[in-house]
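What's counted below: heavy atoms across the whole structure, side chains too, no hydrogens, waters or symmetry copies.
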Amino acid sequence: MEQFAVEMRGISKYFGDLAANKDITLTLRAGEIHALLGENGAGKSTLMNILFGLLQPDEGEIFRNGRKVVISDPNDATALGIGMVHQHFRQVQCFTVLDNIILGAETMKGTAIDRAAARKKVMALSEKYGLKVDPDAVVSDITVGMQQRVEILKMLYRDNEVLIFDEPTAVLTVQEAEELLKIMRGLRAEGKAILFISHKMNEILSVSDRCTVIRKGEYVGTVNATETTVEELSEMMVGQKVDLTIVKEPSVPGEPVLTLSGIGFADPQTKKTKLKDVSFTVRKGEIVTIAGIDGNGQDELVKVVSGKSKPVTGSVTFLGKDITRSAIRERIDMGMGLIPVDRLRDGAIPDFTLAENIILKRYREPEFCKNGVMETGAVARYAEKITKERDVRSADGIRSLFGSLSGGNQQKAVVGRELDRDPSLIVAVQPVRGVDLLATGNIHRALLKERAEGKAILLVSLELSEVMSLSDRILVMYEGEIVGEFTPDKVTREELGLYMTGARRMTK
């Protein structure tokens, strides 16, 4: 009988009447990349959280190298050589990169932490695996992509042999994702056993050895990656054939909705210039996409548009009104919608219920509030409507804590809330981050529907496939400047890549 690096036998986990996992068996070999697939809310993260000790199974057994083990908490998992990169990062925002990586696994020199030894090991790992980080940077100040590297280094720092990657490329640029897949192949060659959760089928088929599919908490099947297709995996995940086509009608742009003129912005602490003379217009009935490698000014641009930051120079005009110094609430009330890059930090309150998060931007409206008191019945009916329309799944319906939902279901809820407000402008930042194939298509179609109804859409995306399929105009950002403007039919991915890396730029 084959001995596996990890074997999970008959695992079941219940939350009330909901079976998040039901009698699932999963095997993982050393020197293997094993993909775990399923729709949002299928139970993938629950299963991995059980393996990492964050949850306890109600039924079933876990074996490590053929020996039955009990994993009561992440310390037990670490002792067994099991590490996990979580879908939602577990980091102390006010700590440095170095402190986050070594937290809980500190090397001591007497009674003090041996930071010199820790730094040396972290930088060696960073160099070996191409995970460039600044060990002295504060986590709250670095990009989401950089935070992902911190999570991976935390795992490698502990010398784990079983590596769980839960949606590791969801927040990475195309280039970063390709580099991560290369790193994973190298780890496999070293004999590491890797469990890989992703909704990006091209990644799964390019890097995985085997693929296990679960649907609504139950095991569907395991196939060899070289013997299957995207269509077959999609059908296993959903239970029926999936239409992956996106039809985009020609754009008929109308009046300007958002105009940025000469926007300049500098980091308040470092004084480093982040945006330089950024000017563009988004009109009714068009999708204007900001493309670029993460960290080239996109975050700062979104903050200026949404009102979170005020520019040093230039102006922002929305629906004919100068809103350069206007508050966030005023922009919301004027009809600006925002799907943020980080749904938990900027798009929701994890400890509020799903219903409360859906009503966040509308709770003051007469329909939902009378004499300063929330109309709970109206709120519940509205939340039920949004969750049904957007297929948001949760253990306890609209009463579920938002933070307990899977990442994809959180994203569907935020997208549904923003689009249902009937905004004049939709700022969509990586809108399909962490959602499954079916939901990705639904969100893309929803954005195109808004465009057809005359809405202006500012899309910020790191995914070239999304950029090319949804955009009417593409603006490429590099080091805080717009260095190129294109239409999808007049540019190739390769050309966009040259502008994104600074190898080319348009002449003014």
### Task
Please answer whether the main-chain N or O of Val373 pairs with a side-chain N or O of Asn371 as donor and acceptor at a distance below 3.5 Å.
no

### Message
So does Val415 get a backbone contact from the side chain of Arg390, meaning a donor-acceptor N/O pair under 3.5 Å?
### Response
no

### Query
Do NZ/NE/NH1/NH2 and the carboxylate oxygens of Glu249 and Arg451 come within less than 4.0 Å?
no

### Task
Say whether, by atom type as modelled, one donor and one acceptor occur between the side chain of Asp76 and the main chain of Ser72 under 3.5 angstrom.
yes

## Note on the structure
All heavy atoms of Thr317 vs all of Gly320, minimum pair found to be CG2-C, 3.7 Å

### Query
Side chain of Arg421, backbone of Ile332: donor and acceptor closer than 3.5 Å?
yes

### Query
Just by distance, do the side chain of Asn296 and the backbone of Glu479 share a donor-acceptor pair under 3.5 Å?
yes

### Message
I'd like to know if Lys385 pairs up with Asp420 as an ion pair, taking the criterion as any Lys NZ or Arg NE/NH1/NH2 lying under 4.0 Å from an Asp or Glu carboxylate oxygen.
### Response
yes

#### Entry: Criterion salt bridge (charged side-chain N to carboxylate O under 4.0 Å, His left out) on Arg364 and Asp333, from CA distance to verdict
CA-CA 11 Å; Arg364 300 183 307 165; Asp333 291 343; 3.0 Å; yes

### Task
Tell me whether the guanidinium CZ or amine NZ of Arg331 lies under 6.0 angstrom from the six-membered ring centre of Phe318 and within 45° of its axis.
no

### Message
I'd like to know if Asp472 and Arg283 make a salt bridge, using a cut-off of under 4.0 Å between side-chain N and carboxylate O.
### Response
no

### Query
Step by step, would you call Val139 with Gln147 a side chain to side chain contact (heavy atoms under 4.5 Å, CB included)?
CA-CA 7 Å; Val139 164; Gln147 290 178 30; 4.2 Å; yes

### Task
Check whether any side-chain N or O of Arg343 sits under 3.5 Å from a backbone N or O of Arg433 as a donor-acceptor pair, and report yes or no.
yes

### Task
Walk me through it: do His199 and Lys44 pass the test side chain to side chain contact (heavy atoms under 4.5 Å, CB included)?
CA-CA 11 Å; His199 292 299; Lys44 305 181 298 298; 3.6 Å; yes

### Query
Does some side-chain heavy atom of Asp346 sit less than 4.5 Å from a side-chain heavy atom of Leu338?
no

#### Entry: Atom pair CD1/CZ of Ile358 and Phe402 - distance to nearest 0.5 Å
8.0 Å

### Query
Are Val316 and Ile263 close enough that some pair of their side-chain heavy atoms sits under 4.5 Å apart?
yes

### With Glu39, the salt bridge (Lys or Arg N to Asp or Glu O under 4.0 Å) member among Lys216, Arg215, Arg393
Arg393

#### Entry: Test: Glu330 and Lys321 ion pair at under 4.0 Å
yes

### From CG (Leu301) to CZ (Phe265), nearest 0.5 Å
11.0 Å

### Message
Atom CZ of residue position Phe280 - does it have more than 12 heavy atoms of other residues, nucleotides or ligands inside 6.0 Å?
### Response
yes

#### Entry: Minimum side-chain heavy-atom gap Lys13-Asn49 below 4.5 Å
no

### Query
How many angstroms lie between OG1 in Thr259 and CG in Leu319, if you round to the nearest 0.5 Å?
10.0 Å

#### Entry: N/O donor-acceptor pair under 3.5 Å between Ser424 side chain and Ala456 backbone
no

### Query
Can you tell if the side chain of Asp166 reaches within under 4.5 Å of the side chain of His86, non-hydrogen atoms only?
no

### Task
Supply the atom-to-atom distance Ile474 CD1 to Ile287 CD1, rounded to the nearest 0.5 angstrom.
11.0 Å

### Query
Is Asp422 salt-bridged to Lys455, going by a charged N under 4.0 Å from an acidic O?
yes

### Message
Which residue is it: Glu203, Glu151, Gln148? I am looking for the one with a side chain to side chain contact (heavy atoms under 4.5 Å, CB included) to Pro168.
### Response
Gln148

### Over all atoms of both residues, closest heavy-atom pair of Thr281 and Pro256
CG2-CB, 3.7 Å

### Message
side chain to side chain contact (heavy atoms under 4.5 Å, CB included), that's the test. Do Thr324 and Lys310 meet it? Break it down for me.
### Response
CA-CA 7 Å; Thr324 311; Lys310 301 298 185 286; 6.0 Å; no

#### Entry: Heavy-atom donor-acceptor pair, Ser12 side chain to Glu59 backbone, under 3.5 Å
no

## Note on the structure
Distance col, row Asp436:CG vs Met201:CE, nearest 0.5 angstrom, shows 8.5 Å

### Query
Would you find a donor on one side and an acceptor on the other, under 3.5 Å apart, between the side chain of Ser279 and the backbone of Gly262?
yes

#### Entry: Spacing of Glu286 atom CD and Leu458 atom CG [to the nearest 0.5 Å]
10.0 Å

### Task
Kindly determine whether Lys241 and Glu231 satisfy salt bridge (charged side-chain N to carboxylate O under 4.0 Å, His left out), including the steps that lead there.
CA-CA 7 Å; Lys241 292 190 179 298; Glu231 290 74 20; over 6 Å; no

### Task
Find out whether Thr440 and Glu463 are in side-chain contact, i.e. whether some heavy atom of one side chain is under 4.5 Å from a heavy atom of the other.
no

### Message
For a 4.5 angstrom cut-off between non-hydrogen side-chain atoms, does Val414 reach Pro340?
### Response
yes

### Message
Could you check whether any side-chain N or O of Ser198 sits under 3.5 Å from a backbone N or O of Lys200, counting only pairs where one atom can act as donor and the other as acceptor?
### Response
yes

## Note on the structure
With Val97 as partner, the option from Asp134, Asp136, Leu153, Ile142 fulfilling side chain to side chain contact (heavy atoms under 4.5 Å, CB included) is Ile142

### Task
Give the C-alpha distance, both sets of side-chain angles, the deciding distance and a yes or no for side chain to side chain contact (heavy atoms under 4.5 Å, CB included) between Ile398 and Thr353.
CA-CA 7 Å; Ile398 62 171; Thr353 66; over 6 Å; no

### Task
Indicate the atoms forming the closest heavy-atom contact of Leu405 with Leu401, along with that distance.
CD1-O, 3.3 Å

### Query
So, do Val341 and Val302 sit near enough that their side-chain heavy atoms are less than 4.5 Å apart?
no

### Query
Does any non-hydrogen side-chain atom of Leu195 lie less than 4.5 Å from one of Leu51?
yes

### Task
Please report the shortest heavy-atom distance between Val92 and Asn100, naming the atom on each side.
N-OD1, 2.8 Å

